[in-house]
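FYI, side chains are in, hydrogens and waters are out, and symmetry mates aren't considered; it's all heavy atoms of this structure. Order of the sequence lines sets the chain letters (A, B, ...), proteins ahead of strands, with each chain counted from 1.
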Protein chains: 2
Amino acid sequence: MLETVQKTTDLSARERFVTVAAELFARNGYDGTSIRDIAREMGVTPGAVYAHFVSKAGLLLAVYKTGVERISSAVDEEIHASTDPWTNLERACWRHLEVLVAENGFAKVVIRVLPTDIEEVAGELTTLRRQYEERFRRLIDALELRAGTNRNLLRLQLLGALNWTQVWYRAEHADLADIAHALVENLRRGTEIQDGDA
Amino acid sequence: MLETVQKTTDLSARERFVTVAAELFARNGYDGTSIRDIAREMGVTPGAVYAHFVSKAGLLLAVYKTGVERISSAVDEEIHASTDPWTNLERACWRHLEVLVAENGFAKVVIRVLPTDIEEVAGELTTLRRQYEERFRRLIDALELRAGTNRNLLRLQLLGALNWTQVWYRAEHADLADIAHALVENLRRGTEIQDGDA
DNA sequence: CAACTGAGTGAACGTTCGTTCATTTTGTAG
DNA sequence: CTACAAAATGAACGAACGTTCACTCAGTTG
């Protein structure tokens with residue numbers, strides 16, 4: 001399949017659909033958002049959606065892909081930034097939070113919509129999620145941990161805490177960098193008072 | 001309003017509706033479950049639901065109430081069981097996990113269905129959730145923590161990790177008591193290797 | 001036996017859903 | 001100016017949704 005002729009056609013129309021869908025899926029969920037809602041927000045009729053996407057599930061898949069892409073590249077910027085693996089982990093968490101609770105809804109959809117709930121694309125969605133989470137596996141592999149620590153569980157514990165922020169975080173809360181720092185520090189040093197603490 | 005005559009009518013019919021609804025809401029979500037699905041599972045026609053509940057949202061509210069009740073009473077059994085507050089917290093987490101990933105779907109619904117998604121009962125659902133989470137506030141208040149530790153964030157971090165298990169936990173995983181122990185221990189002592197560790 | 005009650009029926013209601021498609025509009029290239 | 005392709009229309013499709021309601025039916029109760 002040659003691609004000698006690059007697509008000069010407007011990609012931004014499709015992209016605008018994806019952006020609008022991401023916002024609505026993030027706010028109201030997949031089932032809570034109708035094709036008509038998306039069309040209305042775009043200022044077009046429902047049929048127009050199907051000039052760009054094969055189905056509603058296909059549109060969700062496009063949103064998911066972009067969401068994973070964005071949060072992945074944000075985290076990738078930090079993954080080897082420092083020589084201290086704990087610092088790298090903390091920065092990755094910070095970027096994860098930033099993308100997750102930032103104004104645009106792409107990453108929110110990835111966390112909010114459970115892959116298994118949309119049967120038609122469940123496999124693809126699961127794969128995309130795994131792709132992203134793999135980064136945290138590597139970040140945690142780089143840590144020197146107490147003997148017997150279950151790294152897999154630690155990863156899930158951290159991701160759980162991070163993703164749950166979507167439920168409670170409001171803009172008036174503390175800075176995201178502070179939250180990321182505290183979450184990682186709690187898991188690094190522990191929270192119990194120690195002999196010798198001030 | 002006197003209640004001199006106790007209700008001798010069959011409560012178990014209503015309760016069976018709630019149980020079936022809990023299972024389906026937990027498995028397929030609120031939007032993903034229709035009144036017809038619930039009726040079919042009960043072996044009745046859709047209209048029968050409205051002899052017991054004012055609306056679908058009302059049925060969800062009943063499920064939520066039972067869910068919060070069950071997980072609350074399970075956690076309450078452990079909340080003051082020991083004189084060591086860390087032990088109490090760990091046991092509470094263990095019971096939380098048990099109820100959450102156990103076979104019946106009541107507690108799953110409480111975690112899976114976001115109160116804000118069902119506008120008609122959003123206020124009530126939020127209140128019920130808060131009631132439950134209050135228990136963890138008290139459990140964490142009882143801990144002696146390093147100076148400067150944000151107890152509120154610690155609570156959210158722990159609840160996030162606990163509730164996220166719903167996404168990844170499968171029966172073949174480690175024992176829930178072990179998981180609860182590890183999650184709390186990670187936050188208590190930290191996971192970083194220390195001088196003097198074996 | 002008659003009156004009553006609560007549970008359930010079965011069919012229908014109005015609405016909304018995802019999706020289709022022949023047709024029109026729009027924009028670009030020869 | 002013409003030709004072509006992409007984008008969007010607008011109306012409609014069948015299906016599924018939550019909900020209603022006059023009714024039957026079974027099981028107490030006096």
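- Ring geometry for B/F17 against B/H52 counts as tilted: the plane angle lies between 30° and 60°, on a 0 to 90° scale.
- The side chain of B/I35 sits closest to D/dG18 out of D/dG18, C/dT20, C/dG8.
- Distance, B/F53 CZ to D/dG18 C1': 15 Å, rounded to whole Å.
- Between the NZ atom of B/K56 and the P atom of C/dT15 there is a distance of 19 Å, rounded to whole Å.
- Remark: B/K56 is not positioned above the aromatic ring of B/Y50, lacking an NZ or CZ atom under 6.0 angstrom from the ring centre and at most 45 degrees off the axis.
- Ring geometry for A/H96 against A/Y132 counts as parallel: the plane angle stays under 30°, on a 0 to 90° scale with 60° as the upper cut.
- A/H52 has a side-chain polar atom (N or O) that falls below the 4.0 Å cut-off from OP1 or OP2 of D/dA8.
- Rounded to whole angstrom, the span from the CZ atom of B/R36 across to the C1' atom of C/dT15 amounts to 12 Å.
- One finds a side-chain N or O of B/S34 lying less than 4.0 angstrom from the OP1 or OP2 phosphate oxygen of D/dC17.
- Considering only side-chain atoms of A/V44, the nucleotide from C/dG18, D/dG18, D/dT9 that sits closest is D/dT9.
- With C/dC17, C/dT19, D/dT9 as the candidates, the nucleotide lying closest to the side chain of A/A48 is D/dT9.
- When the nucleotides C/dT20, D/dA12, D/dT19 are ranked by their closest atom to the side chain of A/Y50, C/dT20 comes out on top.
- Rounding to whole angstrom units, CD1 of residue A/I38 and C1' of C/dT16 are separated by 15 Å.
- In this structure, B/R40 places its CZ atom 15 Å from P of C/dG10, rounding to the nearest Å.
- Under 4.0 Å is where a charged nitrogen must lie from a carboxylate oxygen, and between B/R40 and B/D37 at least one such pair does.
- Of the possible donor and acceptor atoms, none in the side chain of A/D31 sits under 3.5 Å from a partner among the backbone N and O of B/D31.
- Rounded to a whole Å, the CG atom of B/D37 is 8 Å from the P atom of D/dG18.
- Between the P atom of C/dT9 and the CE atom of B/M42 lies a distance of 10 Å, rounded to the nearest Å.
- B/N28 has its CG atom 15 Å from the C1' atom of D/dA16, to the nearest Å.
- Of the side-chain N and O atoms in A/T45, none sit less than 4.0 angstrom from OP1 or OP2 of D/dA8.
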